[in-house]
Protein chains: 2
Amino acid sequence: MALDRDSLEAVARLFGALAEPTRLALLQELKGGPLAVGELVERIGAKQANVSKQLGALHVAGLVARARDGNLVRYSIAEPMIFELCELVCGKLRRDAEKQLAALGGTAKRRR
Amino acid sequence: MALDRDSLEAVARLFGALAEPTRLALLQELKGGPLAVGELVERIGAKQANVSKQLGALHVAGLVARARDGNLVRYSIAEPMIFELCELVCGKLRRDAEKQLAALGGTAKRRR
DNA sequence: ACACAATATCGCCATTTAGCAATATTGCAA
DNA sequence: TTGCAATATTGCTAAATGGCGATATTGTGT
């Protein structure tokens, strides 16, 4: 079935939330379990203000959940689906890289 | 395994290519088979210049292939994977919409 | 009350980008 | 060649956005 303009915009917004390296890095860290903002700041080496902002964007998109825990705020993955998304994309990138290698005369690559 | 900064940027670029309603509309039309630029212009009701531009973006991202056919240029899907991506996203949006409905007291929804 | 730590928000700047009109390119036919 | 149709590109403007420093908010102690 064909999606109407509004649905396409909603899909685009969701993809847009995944279209930034910093946000992807945050999601990657959260894959291991909930983390507080400060821990995320240390791990990805970005400024606190920006980490907070990007977490806010992920939260608005419904991809992460927030939970106050005393003085800190713990974020967690709200949509495990995003890892399937990333796997699909990584698969394409791997295929592209292998093609590139082959075109440059790399050693034969295994096909599974 | 954790992706490095460059890989995250590559993934982000790919998601970015899917983060625009017009480009999603183009891909949706191409799902039915290859189409020339003019046909796409008619179907999605956008200006020719913009359609050409967005098709170029999709091509750079490696999502569509172009083939000259006489005086026209036919585009086609180069990565069927994108439809799995969209299906995952649409699934989430449907779940969200159902939740919203339930919260507002909508009729009971079937669980599969 | 106070001080302090963790997080969020604000104002700003620089970059990116969708859309547009106009123009350039490309290929076909006469 | 000339003319015409299909597509691409260019120059532009307006809007969105990532990152920054500074500041505001919130919660926990004392």
Side-chain angles (χ1 to χ4, degrees), chain A residues 5-30 34-76 78, chain B residues 5-30 34-76 78:
Chain A
R5 210 64 188 181
D6 285 349
S7 300
L8 289 179
E9 279 180 17
V11 174
R13 267 194 300 274
L14 231 163
F15 280 128
L18 298 171
E20 282 295 330
T22 300
R23 288 196 288 269
L24 291 175
L26 289 169
L27 292 173
Q28 186 170 245
E29 293 299 332
L30 291 178
L35 287 174
V37 180
E39 300 174 298
L40 288 166
V41 169
E42 287 183 13
R43 297 198 189 198
I44 75 173
K47 301 292 177 183
Q48 179 267 327
N50 197 33
V51 169
S52 190
K53 191 190 212 170
Q54 304 308 333
L55 285 171
L58 290 171
H59 186 244
V60 165
L63 300 181
V64 301
R66 49 157 54 109
R68 278 219 94 106
D69 181 12
N71 207 5
L72 26 93
V73 176
R74 224 170 282 277
Y75 282 86
S76 58
Chain B
R5 208 65 188 180
D6 285 348
S7 300
L8 289 178
E9 279 179 15
V11 174
R13 266 193 302 275
L14 231 163
F15 279 129
L18 298 171
E20 282 296 329
T22 299
R23 289 196 288 270
L24 291 176
L26 289 170
L27 293 173
Q28 187 170 246
E29 293 299 332
L30 291 178
L35 287 174
V37 180
E39 299 174 300
L40 289 165
V41 169
E42 287 182 15
R43 296 198 189 199
I44 75 173
K47 299 293 177 183
Q48 179 267 329
N50 197 32
V51 169
S52 190
K53 189 191 213 169
Q54 304 308 335
L55 285 170
L58 290 171
H59 186 244
V60 166
L63 300 182
V64 302
R66 49 156 56 107
R68 276 219 95 104
D69 181 12
N71 207 4
L72 25 93
V73 177
R74 224 170 282 278
Y75 282 85
S76 58

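Since we're looking at a predicted model, the values are computed, not measured. A note on names: the letters A, B, ... follow the listed sequences, proteins ahead of strands, and every chain is numbered from 1.
One finds no side-chain N or O of B/T22 lying less than 4.0 angstrom from the OP1 or OP2 phosphate oxygen of C/dA18. In terms of phosphate contacts, B/Y75 brings a side-chain nitrogen or oxygen within less than 4.0 Å of OP1 or OP2 of D/dA8. Residue B/R23 has a polar side-chain atom (N or O) positioned under 4.0 Å from OP1 or OP2 of C/dA18.
Looking at the side chain of B/R66, the nearest of the listed nucleotides D/dA8, C/dC20, C/dT7 is D/dA8. Comparing D/dA8, C/dT7, C/dC20 by their nearest atom to the side chain of B/V37 picks out D/dA8. Across C/dT26, D/dG18, D/dT26, the shortest atom-to-atom separation from the side chain of A/N71 is found for D/dT26. Of the candidate nucleotides C/dA6, C/dA18, D/dT26, C/dA6 has the atom nearest to the side chain of A/L72. The listed nucleotides are D/dG27, D/dG19, C/dA18; the one nearest the side chain of B/N50 is C/dA18.
Going from atom NZ of A/K53 over to atom C1' of C/dG11 covers 10 Å, rounded to whole Å. Nucleotide D/dG18 holds its P atom 12 Å from the CG atom of A/L26, rounded to whole Å. If you measure from atom CG of B/D69 to atom C1' of D/dA6, you get 12 Å, rounded to the nearest angstrom. Distance CG (A/L55) to C1' (D/dG18): 14 Å, rounded to an integer number of Å. Remark: C1' of C/dT17 and CZ of A/F15 are 19 Å apart, rounded to the nearest angstrom. In this structure, B/L8 atom CG and D/dG18 atom P are separated by 15 Å, rounded to whole Å. Rounded to a whole Å, the CD atom of B/E39 is 12 Å from the C1' atom of D/dA6.
Between the side chain of B/R23 and the main chain of B/G16, a donor-acceptor pair closer than 3.5 Å is present.
Within a 6.0 Å sphere centred on CD of B/E42, other residues, nucleotides and ligands contribute 12 heavy atoms or fewer.
Looking at every heavy atom in both residues, A/V51 comes nearest to A/A46 through CG2-CB, 3.9 Å. The nearest pair of heavy atoms linking A/F15 to B/L18 is CD1-O, 3.3 Å.
Donor-acceptor pairing under 3.5 Å, judged by distance alone, is absent between the side chain of A/Q48 and the base of C/dA6. Donor-acceptor pairing under 3.5 Å, judged by distance alone, is absent between the side chain of B/Q54 and the base of C/dA18. A/K47 contributes no side-chain N or O that forms a donor-acceptor pair with the base of D/dG21 under 3.5 Å.
A/L26 pairs in a side-chain contact (heavy atoms from CB on, under 4.5 Å) with only one of the listed residues (A/L58, A/L35, A/L63), which is A/L58.
Contact annotation for B/R74: no contact, since no heavy-atom pair falls under 4.0 Å across all strands. In this structure, A/A46 reaches neither bases nor backbone, as no heavy-atom distance under 4.0 Å exists between it and the strands shown.
Sequence order on DNA chain D of the closest nucleotides to A/A57 and B/A49 puts B/A49 first from the 5' end.
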Give the intermediate values and the outcome of side-chain contact (heavy atoms from CB on, under 4.5 Å) for residues A/R5 and B/T22. CA-CA 9 Å; A/R5 210 64 188 181; B/T22 299; 3.1 Å; yes
